[in-house]
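Chain identifiers are assigned alphabetically (A, B, ...) following the order of the sequence lines, protein sequences preceding nucleic acid strands; residue numbering begins at 1 within each chain.
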Amino acid sequence: MLFTVSLVIIISLLSYIFYKPIHKYKYFLYVAAFIIALILHEDGNYITYGFAGLSFFIVVMFSGVLDKSILRKRLFMVRAELAILGTIFLFPHALGYIEIVLDEIGLLQAPLNFYIGFLAGVVILPLFITSFMFVRKKMNYKEWKQLHKLAYLTYILIGLHLIFINNDRQFLYIVIFGSYVVLKGIMLLQNRIINNKKIKLKKDVH
Amino acid sequence: MKNIAIIIGFIALLIVASISEPIDDAIDAFGGATTETFDPAIDGVGGVSTYYGDEDEDEDDEDEEYEEDELDEYEEEDDD
């Protein structure tokens with residue numbers, strides 16, 4: 001967790017400082033990430049264990065619950081890029097474990113966290129494809145927005161996938177994903193209160 | 001306020017992680033070693049050797065056979 005949390009902080013800092021170059025040279029970054037993932041996909045390492053992808057996803061998740069600020073604004077500018085990079089780093093993890101399960105364990109005898117992770121992968125795939133700007137431009141904004149609400153399901157599945165590994169880090173995973181759920185809940189509640197006030201004000205004016 | 005709480009939360013998490021997780025384990029993970037902290041449970045199910053111990057007993061048998069052969073050779077040399 002030490003390196004995962006460190007990576008989360010580093011990604012956040014880099015995104016805060018270099019949000020413009022990240023946005024501008026995103027395709028170079030995607031290619032670089034893809035090459036790194038391709039080179040390191042064979043062995044068990046930080047990327048194939050899925051922690052690199054997880055770090056990117058934690059930044060994407062928590063940027064969504066930040067209060068309005070420069071930090072939130074800058075992270076939002078590169079949110080799609082970070083999500084795409086995170087997914088690229090998750091490919092070797094997903095494919096590696098699918099290979100292990102098919103070759104060594106058998107599809108029906110894998111642990112529960114494998115199936116949850118697989119489901120997360122299935123849900124991530126359309127989100128990944130539609131996060132590319134050239135695909136997004138071809139879609140209706142409402143449709144795109146509706147589809148990307150699946151990101152919340154992805155976060156839940158990733159959280160459960162990690163918690164069900166049932167290792168020493170289980171408590172930390174519960175803290176991270178639990179605090180996200182609480183913060184998101186608070187945010188939704190705040191939004192509802194603000195919206196109700198606006199509606200009331202409109203009624204009073206009329 | 002919430003932003004500060006999130007930043008403090010991650011710094012606290014970093015401190016907790018550095019206390020609970022030996023630095024060697026994190027470094028090993030970069031190299032691909034399965035350690036007590038990085039415990040992909042699926043490795044154990046898949047038959048990959050884990051920190052629980054290698055269950056392959058054949059390797060020990062080979063060592064014993066090798067030792068026996070060595071002893072025989074020594075005995076033959078002594079006879080000469």
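Surrounding OH of A/Tyr30 are more than 12 heavy atoms belonging to other residues, nucleotides or ligands, all under 6.0 Å away. By the neighbour-count criterion of 12 heavy atoms within 6.0 Å, atom CZ of A/Phe34 is sparsely surrounded, having that number or fewer from other residues, nucleotides or ligands.
Across all their heavy atoms, B/Phe10 and A/Ile58 have their closest contact at CZ-CG2, 3.6 Å. Nearest heavy-atom pair across B/Ile6 and A/Phe62 is CG2-CD2, 4.1 Å.
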Output a table of donor-acceptor pairs, distance under 3.5 Å, between side-chain atoms of residues 63-76 of chain A and any protein atom two or more places apart or on a different chain; print 'none' if there are none.
unit_1: A/Ser63; atom_1: OG; unit_2: A/Val59; atom_2: O; d: 3.3
unit_1: A/Ser63; atom_1: OG; unit_2: A/Val60; atom_2: O; d: 2.7
unit_1: A/Ser63; atom_1: OG; unit_2: A/Arg79; atom_2: NE; d: 3.1
unit_1: A/Asp67; atom_1: OD2; unit_2: B/Lys2; atom_2: N; d: 3.3
unit_1: A/Ser69; atom_1: OG; unit_2: A/Asp67; atom_2: O; d: 3.1
unit_1: A/Ser69; atom_1: OG; unit_2: A/Arg72; atom_2: N; d: 3.3
unit_1: A/Ser69; atom_1: OG; unit_2: B/Asn3; atom_2: ND2; d: 2.9
unit_1: A/Arg72; atom_1: NH1; unit_2: A/Leu66; atom_2: O; d: 2.9
unit_1: A/Arg74; atom_1: NH1; unit_2: A/Tyr16; atom_2: O; d: 3.1

List, one per line, each side-chain donor-acceptor pair under 3.5 Å for residues 125-133 of chain A, sequence neighbours excluded.
unit_1: A/Thr130; atom_1: OG1; unit_2: A/Pro126; atom_2: O; d: 2.7
unit_1: A/Thr130; atom_1: OG1; unit_2: A/Leu127; atom_2: O; d: 3.4
unit_1: A/Thr130; atom_1: OG1; unit_2: A/His148; atom_2: NE2; d: 2.8
unit_1: A/Ser131; atom_1: OG; unit_2: A/Leu127; atom_2: O; d: 2.6

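Annotation: residues 149-161 of chain A contacts chain B through no residue [non-hydrogen atoms, separation under 4.5 Å]. Residues of residues 182-192 of chain A placed with any heavy atom under 4.5 Å of a heavy atom in chain B are listed by number as A/Leu183, A/Met187, A/Gln190.
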